[in-house]
Every structure is written in structure tokens, then in C-alpha cells.
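Take a look at the structure set out below.
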Amino acid sequence: MNIFRILGDISHLLAIIILLVKIHRSKSCAGISGKSQILFALVFTTRYLDLFTTFISAYNTVMKVIFLICAYVTVYMIYVKFRKTFDSENDSFRLEFLLVPVTGLSFLENHSFTPLEILWTFSIYLESVAILPQLFMISKTGEAETITTHYLFFLGLYRALYIANWVWRYYTENFYDQIAVVSGVVQTIFYCDFFYLYVTK
């Protein structure tokens with residue numbers, strides 16, 4: 001495992017922790033897209049089904065469990081514990097616009113036509129667009145809390161570090177996963193405009 005992968009995982013985990021701490025301290029999920037969090041929970045669920053079939057390392061297993069727990073805790077806090085603070089009016093992105101094409105594409109373009117592989121591919125494609133409801137919500141309201149922008153920054157940094165991870169693995173291990181790389185690049189592109197606003201403001 002290389003430094004870019006580790007830093008990417010840390011950045012990803014830090015983004016989620018920032019979001020959870022923000023919700024817990026403020027006792028509010030204002031400005032946070034519940035739909036994006038549902039999509040991320042779906043991403044982790046479908047990607048980490050191999051927890052029951054494959055052991056790679058203790059690090060890998062622990063990180064998967066942490067991400068799954070954090071994803072579901074976030075959804076619980078938004079839709080149950082602090083549901084009165086949830087801005088459902090502005091969190092209006094239609095998820096079927098993402099889920100239908102992502103599902104179709106995962107059946108058409110995958111490494112092998114098996115249930116676990118299709119679900120893994122689905123999770124990769126879905127992760128590349130899961131942040132769109134959050135970005136749509138910010139563009140609709142025209143504002144975002146500082147904590148929310150930090151959350152988005154570290155999510156974007158995680159994707160950028162994973163691109164570096166793939167480049168490193170290509171040159172050191174001759175490993176290249178086209179599905180993961182293309183989806184990761186697409187996801188990073190979605191963050192570019194946000195990165196510009198984050199740095200300038």
C-alpha cells in the first residue's frame with residue numbers, strides 16, 4: 001500500500017468525521033443533502049459485500065467497517081434524530097436520474113457478469129455522481145456553511161489522492177483498473193468548480 005492510498009483514506013475518513021461532528025455539535029443537519037448521504041451509504045453497502053467473502057488485510061477490513069458505520073449513522077442523524085432540521089425542500093435532486101443510468105451501466109460495463117462484481121461496479125459508478133445532490137443543493141440555496149465546505153474539500157482531496165494512487169500503482173505494479181480510474185476522474189471533475197470557489201473564498 002502506498003502513501004497516496006493511505007492519505008486518500010485518511011482524507012475520506014476526515015471528511016465524514018467533519019460532517020458527523022458538525023451535525024452532532026450543532027444538533028442540525030441544515031445545508032446537508034440527505035440524498036447524497038443515502039447514495040454514499042448505498043455505495044459502501046454494495047462495495048463492501050466482500051467483507052463476508054474475502055479477507056485482504058486487517059487495515060482493509062477495519063476501514064470498510066468504519067465507513068459503513070459512519071454512512072449509516074449519518075443517514076440516521078439526518079432522517080431520524082435531527083429530521084426537523086433537515087431541509088427537504090432544497091434537497092430536491094431526483095435520485096432516479098442517477099440510479100437508473102448507473103444501474104444500467106453497471107450491467108453493461110463490468111469486469112465479470114457476477115452479482116458481487118456487478119454490485120462493486122455499481123458502487124464505483126454511483127460514487128462518481130453521489131455528491132451531485134449536495135452540489136445541487138448548494139447551488140440552489142446559494143450558500144454553504146464553512147463546515148460543509150470543509151467536508152466537500154476533503155472529499156475532493158480524497159479523490160485527487162486516489163488518482164495519484166492509481167498513477168503510482170500503474171508505474172510500480174503495472175496495475176490499471178479502467179472502471180475505477182475513469183469513474184474517479186469523472187468524480188474529481190465534479191469537484192473542480194467547488195475547489196475553485198473554496199480556495200478563492
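Clustering ILVMFWY residues whenever any of their side-chain heavy atoms sit less than 4.5 angstrom apart, transitively, puts L119 in a cluster other than the one holding V102. Residues I17 and V62 are members of one and the same hydrophobic cluster, defined by side-chain heavy-atom contacts under 4.5 angstrom among Ile, Leu, Val, Met, Phe, Trp and Tyr. When the side chains of ILVMFWY residues are joined at heavy-atom separations under 4.5 Å, either directly or via intervening members, I38 and V80 end up in a single hydrophobic cluster. I56 and L49 fall into different hydrophobic clusters, where Ile, Leu, Val, Met, Phe, Trp and Tyr are joined by side-chain heavy atoms under 4.5 Å apart, directly or via other members. Following chains of ILVMFWY side-chain contacts shorter than 4.5 Å, one can reach V73 starting from F82, so the two form part of one hydrophobic cluster.
Side-chain contact between I10 and I6 is present, with heavy atoms from C-beta onward closer than 4.5 Å. L99 has its side chain within reach of L126: a pair of non-hydrogen atoms, C-beta onward, lies under 4.5 Å apart. No side-chain heavy atom of F107 sits less than 4.5 Å from a side-chain heavy atom of F122. L51 places a side-chain heavy atom less than 4.5 Å from the side chain of T61. Counting only heavy atoms from C-beta outward, the side chains of I32 and Y151 never approach each other to under 4.5 Å. Considering only heavy atoms from C-beta on, M77 comes within 4.5 Å of L20 through its side chain. Contact annotation: the side chain of V129 never approaches that of P101 to less than 4.5 Å [non-hydrogen atoms, C-beta and beyond]. Contact annotation: the side chain of Y125 approaches that of T121 to within less than 4.5 Å [non-hydrogen atoms, C-beta and beyond].
L152 contributes atom CG, which lies 12.5 Å from atom CG of L157 (distance to the nearest 0.5 angstrom). In this structure, OH in Y59 is found 11.5 Å from NZ in K64, a value given to the nearest 0.5 Å. Note: Y158 OH to N165 CG = 10.0 Å, rounded to the nearest 0.5 Å. Atom CH2 of residue W120 and atom OH of residue Y48 lie 11.0 Å apart, to the nearest 0.5 angstrom. Distance check: C29 SG to H24 NE2 gives 14.0 Å after rounding to the nearest 0.5 Å. Note that CZ of R5 is 12.0 Å distant from CG of L7, once rounded to the nearest 0.5 Å.
Of all the heavy atoms in I78 and Q37, the pair that sits closest is CD1-CG, 3.6 Å. Contact record, S36 with S33: N-OG, 3.1 Å, taken as the closest heavy-atom pair. Residues L42 and T46 approach most closely at O-OG1, 2.8 Å, considering heavy atoms. Between F67 and D9, the shortest heavy-atom contact is CZ-O, 4.0 Å. When all heavy atoms of A30 and K22 are compared, the pair lying nearest together is O-NZ, 3.1 Å. Of all the heavy atoms in P133 and L95, the pair that sits closest is CG-CD2, 4.0 Å.
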**OP:** Check the pair F44, I69 against side-chain contact (heavy atoms from CB on, under 4.5 Å), reporting the backbone distance first and the verdict last.
**Re:** CA-CA 10 Å; F44 296 136; I69 291 171; over 6 Å; no
Original post:
Is there a side-chain contact (heavy atoms from CB on, under 4.5 Å) between F40 and L155 once you walk through the steps?
Top reply: CA-CA 12 Å; F40 282 123; L155 269 187; 4.1 Å; yes
**OP:** Might you work through the side-chain contact (heavy atoms from CB on, under 4.5 Å) test for S92 and F136, ending with a clear yes or no?
**Re:** CA-CA 8 Å; S92 57; F136 177 77; 3.6 Å; yes
Original post:
Hey, mind stepping through L132 and F97 against side-chain contact (heavy atoms from CB on, under 4.5 Å) and telling me if it holds?
Top reply: CA-CA 11 Å; L132 288 180; F97 291 161; over 6 Å; no
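Taking the six-membered ring where the residue is Trp, the centroids of Y162 and H12 are separated by 6.0 Å or more.
Looking at E127, its side chain never comes within 3.5 Å of a backbone N or O of L39 through a donor-acceptor pair. Side-chain atoms of S11 do not come within 3.5 Å of backbone N or O of G8 as any donor-acceptor pair. Using modelled atom types, one side-chain atom of D91 and one backbone atom of K35 make a donor-acceptor pair closer than 3.5 Å.
Heavy-atom contacts from other residues, nucleotides or ligands closer than 6.0 Å to NE2 of H111 number more than 12. Within a 6.0 Å sphere centred on CH2 of W168, other residues, nucleotides and ligands contribute 12 heavy atoms or fewer. Residue E96 qualifies as enclosed at atom CD: its count of foreign heavy atoms under 6.0 Å is above 12.
When only modelled atom types and interatomic distance are considered, T45 and Y72 share a side-chain donor-acceptor pair under 3.5 Å.
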